[in-house]
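Note that these values count all heavy atoms, side chains included, but never hydrogens, waters or copies made by symmetry. So you know, we letter chains A, B, ... as the sequences are listed, proteins then strands, and number each from 1.
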Amino acid sequence: MLSVSLNGMFFKNPLILASGVLDESGDTMVRIARAGAGGIVTKSIGSEERVGYPNPVICELPDGMGIINAVGLANPGIDSYGDEIKIAKKGGVPVIGSIFGSSPEEFVFLAKKMEGYGVDAVELNLSCPHARGYGMEVGTDKGLVEEIVSEVKKAVRVPVWAKLTPNTHSLIEIAKSASAADALVLINTVRGMAIDIDARLPVLSNRLGGLSGPCIKPIGVRAVYEVSSELDTPVVGVGGITSGRDAIEYIMAGAKAVEVGTAVYLRGISVFSQIAREMEEWMLKNDVGSIDELVGVAQRR
Amino acid sequence: MLSVSLNGMFFKNPLILASGVLDESGDTMVRIARAGAGGIVTKSIGSEERVGYPNPVICELPDGMGIINAVGLANPGIDSYGDEIKIAKKGGVPVIGSIFGSSPEEFVFLAKKMEGYGVDAVELNLSCPHARGYGMEVGTDKGLVEEIVSEVKKAVRVPVWAKLTPNTHSLIEIAKSASAADALVLINTVRGMAIDIDARLPVLSNRLGGLSGPCIKPIGVRAVYEVSSELDTPVVGVGGITSGRDAIEYIMAGAKAVEVGTAVYLRGISVFSQIAREMEEWMLKNDVGSIDELVGVAQRR
Amino acid sequence: MYRVVEIKEIVDEAKNVKTFRFEDESRPEPGQFYMVWLPGIDEFPMSISYIGNLKGFTVKKIGAGTSRMHELHVGDRLWIRGPYGNGFEIRAGKALVVGGGSGMATLAPLIEKLENKDIIIAAKSKDELVFLNRFRDLKPIIATDDGSMGYRGFATDLAEELLAKNDYDMVYTCGPEPMMSAMVQIAKKYGVEIQASLERFMKCGIGICDSCSINGYRVCVDGPVFKSSILFSMTELGKVRRAPSGKKEELG
Amino acid sequence: MYRVVEIKEIVDEAKNVKTFRFEDESRPEPGQFYMVWLPGIDEFPMSISYIGNLKGFTVKKIGAGTSRMHELHVGDRLWIRGPYGNGFEIRAGKALVVGGGSGMATLAPLIEKLENKDIIIAAKSKDELVFLNRFRDLKPIIATDDGSMGYRGFATDLAEELLAKNDYDMVYTCGPEPMMSAMVQIAKKYGVEIQASLERFMKCGIGICDSCSINGYRVCVDGPVFKSSILFSMTELGKVRRAPSGKKEELG
Ligand SMILES: Cc1cc2nc3c(=O)[nH]c(=O)nc-3n(C[C@H](O)[C@H](O)[C@H](O)COP(=O)(O)OP(=O)(O)OC[C@H]3O[C@@H](n4cnc5c(N)ncnc54)[C@H](O)[C@@H]3O)c2cc1C
Ligand SMILES: Cc1cc2nc3c(=O)[nH]c(=O)nc-3n(C[C@H](O)[C@H](O)[C@H](O)COP(=O)(O)OP(=O)(O)OC[C@H]3O[C@@H](n4cnc5c(N)ncnc54)[C@H](O)[C@@H]3O)c2cc1C
Ligand SMILES: Cc1cc2nc3c(=O)[nH]c(=O)nc-3n(C[C@H](O)[C@H](O)[C@H](O)COP(=O)(O)O)c2cc1C
Ligand SMILES: Cc1cc2nc3c(=O)[nH]c(=O)nc-3n(C[C@H](O)[C@H](O)[C@H](O)COP(=O)(O)O)c2cc1C
Ligand code: FES
Ligand code: FES
């Protein structure tokens with residue numbers, strides 16, 4: 001009822017662990033898979049080891065709205081990551097290797113490494129700071145996005161997912177430039193900041209961070225709706241999904257599958273099996289036999 | 001302790017009613033002024049009467065996160081608005097006339113009308129749909145923004161505030177093109193959408209809407225921080241301000257004053273006097289004599 | 001966020017007036033209202049006409065939205081949010097209740113809570129009288145403009161007669177705005193407190209869009225039920241309302 | 001969201017170890033921890049060493065953050081979030097508590113809740129023993145590596161002697177990882193249940209960043225206190241930890 005085929009991969013349910021949340025170590029990924037996730041995206045891995053920003057790297061928002069994080073792309077570096085992938089694969093669900101870089105060459109290098117390690121797909125995290133534009137992300141430069149996607153597509157045989165940023169006024173155009181990807185993943189975190197007024201300082205050591213959780217769900221749903229109304233490339237939805245209703249909302253907006261991140265903090269690692277059960281309950285009550293039937297239904301008028 | 005001078009206007013406190021919230025009729029604006037607001041921005045007024053979108057035009061989000069609205073710039077049209085301004089002025093606080101249009105000429109026409117009606121300043125709502133760009137707003141076209149601001153500046157003597165959209169990857173550059181304004185107002189609503197899964201339809205009749213309330217506060221604080229670190233034009237902060245702490249957070253990020261919208265729904269129209277009291281309490285506890293001392297302090301490191 | 005409720009029962013009340021019964025766990029007070037969304041069609045405010053667990057909306061067919069609602073069947077669904085606004089305040093003493101047309105929908109749950117009351121049910125004509133059966137045992141006084149049943153003439157004239165003869169502590173009214181506006185004047189004249197449930201075009205229902213405002217008071221949040229002091233001060237009552245654009249228009 | 005607490009009292013406990021007392025309304029269990037932020041400096045995890053209304057952190061000076069904390073005075077402020085994680089589970093029966101160095105900070109509120117217990121307080125040397133005074137009346141058994149006070153030798157050797165002689169229902173331990181790792185082996189050998197409070201580099205403290213994970217268990221949420229079955233299965237305990245980058249490194 002919940003199973004999904006996407007780019008030749010089989011997901012027992014459409015609930016995939018989002019990049020950056022509990023997916024650095026192979027053992028943890030296996031645990032999440034066993035807890036019910038339909039697939040796993042690894043933390044974004046770069047070509048060098050990075051410690052990321054100093055603490056604080058997260059700021060909890062009140063009322064379960066979500067969090068702001070500036071982990072700073074901490075990662076062990078691609079060279080030592082083969083081992084983690086090997087372990088992660090024992091979870092028995094598709095493992096998608098997320099990578100980040102600032103040039104097409106770097107993405108190609110990382111994607112090939114990941115493919116060599118045995119991932120089922122690669123996800124391109126296009127939200128790195130852009131070397132040229134002040135505060136901009138690589139993912140807002142249409143030309144660069146197009147080049148990264150097409151070069152990586154040429155270099156590997158596994159499916160290539162492109163994860164887009166919502167922090168732009170040209171989402172559709174960026175999505176078009178990334179449309180050679182096998183799927184578009186929407187959305188990454190939204191640029192935000194919190195100041196502690198008693199400390200008179202931004203909470204995060206990096207000052208700026210990325211907003212995630214329920215407070216960005218309307219932004220993610222909108223992005224998925226807009227992009228999947230315009231393009232044929234399959235879309236994977238992400239941003240604030242915390243319940244079965246949220247997952248179905250994204251699917252009705254046009255997503256074929258979804259990723260779940262911050263909800264792991266809000267509901268624990270059993271969130272995957274909880275969401276799956278909630279989806280099934282709703283589907284039974286509403287006579288929906290397969291989740292596929294719901295993809296994009298909210299686009300009809 | 002809370003009073004603020006900005007562009008020669010005196011505000012008894014820095015809490016200004018945001019455009020579009022309870023500010024269509026003069027009587028209501030007077031009531032809000034009497035309830036404690038330091039200033040009033042009118043609903044955005046255009047050159048023609050507009051009924052806006054059909055219902056539903058708002059979607060309440062759970063847990064007090066905020067709302068999504070697509071009122072669709074409903075307004076009585078500039079010609080019949082003189083009367084409302086005349087009444088609004090009886091509130092005894094500065095009245096700022098918000099206007100929207102799609103060309104510099106239209107903005108100039110509206111600004112002059114507003115000035116004629118006796119407003120203390122005009123606020124340019126640059127978030128209209130852009131005639132050329134798919135889904136884009138006027139406010140993401142740097143050239144157009146610059147032209148609108150400079151033409152209006154030339155045409156009127158009252159201060160000109162430019163209200164910017166957060167839905168862009170070029171916020172700083174757009175702010176620079178609007179920097180001839182007497183103040184920059186940040187932020188307007190964030191593009192979002194909600195789908196009712198039982199109805200299998202977007203909730204809003206317009207499908208897309210603007211997200212406001214506590215869930216966008218981190219986005220607004222970030223925008224104010226980024227822009228006021230880079231530019232000397234005074235900044236007015238808006239987005240999710242619901243408590244005294246929120247207002248102080250924006251001020252520490254760099255805002256000289258703030259606007260309050262959705263909080264009127266969350267805490268009632270007494271929200272202005274409540275926020276003012278909360279600010280004073282914090283200031284007393286922390287030995288801050290004047291709110292001016294706090295402007296931008298979180299930018300120091 | 002909407003709740004979805006299923007229609008359990010539909011009752012024909014009068015010409016173009018139907019009651020839709022549904023279960024919902026909210027606990028409204030008499031006089032409160034809900035926003036009712038028919039997906040793809042329209043969303044509009046509806047007073048609650050039954051407040052128990054089996055609730056009700058009593059709906060007069062007016063335009064596209066209410067016509068569509070009249071086509072619904074038992075088992076169909078409604079999307080609702082609310083309850084919203086301030087209901088009637090129940091005061092000790094003798095009450096006069098004056099309901100005109102579908103205004104009875106709003107007054108009905110109030111009537112069931114009042115102890116000592118005289119009730120006027122009025123309409124243009126006999127077949128437009130709402131809730132005659134529901135309140136039969138309470139012996140309501142009937143008025144029709146055309147005299148097809150009960151007193152021939154306006155509810156307000158009948159009410160004035162009653163006010164002249166009896167001591168009332170409160171008048172409660174809901175109905176067409178000219179009727180309510182006249183009732184407010186009459187109550188003032190006789191020195192009786194009055195509560196009236198007003199109607200204005202509503203968009204948000206939650207007090208932020210200003211479209212339902214009358215003299216600076218929001219019908220959706222400050223009302224829909226207003227009391228004497230505010231009613232007496234409302235210069236727009238019965239005279240001016242706002243179009244969906246926000247433009248003032250004369251009530252004619 | 002941080003709460004700001006004011007330091008009410010500072011106590012020198014041992015060489016480089018101070019206790020900071022503050023008031024806070026949270027109700028932690030023994031073994032839980034908080035994230036402590038010194039704005040502009042660092043944020044790091046701290047176990048709660050006093051759980052009443054006048055709470056305490058007992059802090060060993062290690063690096064930049066804890067050194068800065070040692071410079072604070074009464075009246076200065078701390079920014080905290082928490083309590084986080086799972087504390088100790090208190091079981092009926094006789095307990096052996098083995099605390100090494102500043103690990104005593106974590107065990108102290110547990111000790112005050114246990115009824116039937118033997119306590120080992122261990123450190124490298126006499127001047128590093130923590131909470132000797134606090135627990136004087138409970139007659140703790142002292143061990144120092146250098147024999148400057150009490151038993152000369154490792155806490156684990158002393159613990160093994162006690163386990164050989166007595167029937168314990170639970171061992172509770174906190175201290176340097178090699179000590180805890182050895183204690184887990186000893187408890188296994190003697191067939192006694194054990195709970196150990198682990199330490200790993202923490203970033204988020206709320207279970208999402210994976211930086212504190214050991215064999216797939218997050219110290220911040222699944223721990224910091226782990227029980228026998230999981231401890232026995234942890235191949236990384238005492239052997240491998242992760243650098244702030246997430247890279248595995250051998251524990252030396
Ligand atoms: C607080 C309140 C309680 C109400 N309770 C009841 C009730 O219990 N029973 C009942 O039959 N009617 C009630 N109404 C009136 C009801 O909302 C309108 O009859 C209905 O909205 C008409 O919608 P339509 O789509 O059929 O008509 P349309 O063709 O859309 O419009 C016809 C007329 O209905 C009114 N109307 C339309 N939309 C709205 C709106 N969004 N808000 C307010 N008025 C609107 C206007 O006067 C309009 O001119 C109430 C109104 C309010 C404000
Ligand atoms: C659950 C838990 C409870 C703790 N309780 C106590 C306690 O009650 N008393 C006490 O003195 N210490 C406690 N610690 C250890 C304490 O967090 C570190 O000593 C402190 O972080 C050192 O910070 P620093 O800036 O002084 O050192 P740095 O110079 O930054 O680092 C020195 C070493 O301290 C450790 N460390 C640094 N930052 C962190 C971090 N964010 N998370 C975990 N370890 C870190 C690492 O081993 C590092 O190599 C606890 C740790 C954990 C995980
Ligand atoms: C702590 C944290 C770390 C993240 N790290 C990454 C990352 O390395 N790469 C990436 O593509 N996205 C990263 N994200 C973004 C998430 O994958 C996801 O797009 C975003 O959080 C929205 O989903 P959510 O609301 O379900 O968390 C991170 C998010 C969080 C909260
Ligand atoms: C119902 C509603 C209508 C709005 N209409 C306008 C408008 O006409 N012009 C405008 O510049 N901003 C409009 N806004 C945006 C607000 O002025 C404000 O920028 C935004 O809501 C963020 O602030 P808040 O979180 O305090 O509401 C509207 C917001 C809401 C909620
Ligand atoms: S309907 Fe929006 S304020 Fe009343
Ligand atoms: S510190 Fe982040 S998962 Fe434990």
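Note on ring orientation: taking the six-membered ring where Trp is involved, the planes of Trp37(C) and Tyr2(C) are tilted (angle from 30° to 60°). Under the 30°/60° scheme for interplanar angles, the aromatic rings of Trp161(B) and Phe11(B) are found to be tilted.
In summary, the side chains of Tyr81(B) and Thr42(B) do not present any donor paired with an acceptor at a separation below 3.5 Å, with no hydrogens or angles considered. For the residue pair Ser25(B) and Asp27(B), no side-chain donor N or O sits within less than 3.5 Å of a side-chain acceptor on the partner.
Across every non-hydrogen atom of Glu106(B) and Ser47(B), the tightest pair is OE2-OG, 2.5 Å.
In terms of modelled atom types and a separation under 3.5 Å, the side chain of Arg267(B) and the main chain of Thr242(B) share a donor-acceptor contact. With hydrogens and angles ignored, the 3.5 Å screen pairs a side-chain donor or acceptor of Ser49(C) with a backbone N or O of Gly56(C). Looking at Glu259(B), its side chain never comes within 3.5 Å of a backbone N or O of Ile16(B) through a donor-acceptor pair.
Qualifying ring pair (Phe, Tyr, Trp, His ring centres under 6.0 Å) partners for Tyr172(C), counting only residues two or more places apart in sequence or in other chains: Phe88(C).
Contact of Asp196(B) with chain C is made through the side chain alone, with heavy-atom distances under 4.5 Å. Contact annotation for Arg31(B): only side-chain heavy atoms (C-beta onward) come within less than 4.5 Å of a heavy atom of chain C. Neither the backbone nor the side chain of Val30(B) has a heavy atom closer than 4.5 Å to any heavy atom of chain C. With a 4.5 Å cut-off on non-hydrogen atoms, Ile67(B) touches chain C through its side chain but not through its backbone.
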Taking only distance into account, with no hydrogens and no angle test, what donor-acceptor pairs under 3.5 Å do side-chain atoms of residues 56-64 of chain B form with protein atoms, sequence neighbours excluded?
unit_1	atom_1	unit_2	atom_2	d
Glu60(B)	OE1	Tyr265(B)	OH	2.7
Glu60(B)	OE2	Tyr84(C)	OH	2.2

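Summarising the local packing, CD of Glu48(B) is surrounded by 12 or fewer heavy atoms from other residues, nucleotides or ligands at distances under 6.0 Å. Around atom NZ of Lys248(C), more than 12 heavy atoms belonging to other residues, nucleotides or ligands sit under 6.0 Å away.
The greatest number of non-hydrogen atom pairs below 4.5 Å with chain B, out of Met35(C), Arg77(C), Arg218(C), Glu236(C), is found for Arg218(C). The residue among Val264(B), Asn75(B), Asn69(B) with the most heavy atom pairs within less than 4.5 Å of chain C is Asn75(B). Contact count against chain C (heavy-atom pairs under 4.5 Å) is highest for Leu22(B) among Asp23(B), Val51(B), Thr28(B), Leu22(B).
Residues from residues 7-24 of chain C never place a non-hydrogen atom less than 4.5 Å from a non-hydrogen atom of chain B. Of all residues spanning residues 178-208 of chain C, those with a heavy atom less than 4.5 Å away from chain B's heavy atoms are Met202(C), Lys203(C), Cys204(C), Ile206(C), Gly207(C), Ile208(C), arranged by number.
Residue Ile32(B) holds its CD1 atom at 5.0 Å from CD1 of Ile269(B), rounded to the nearest 0.5 Å.
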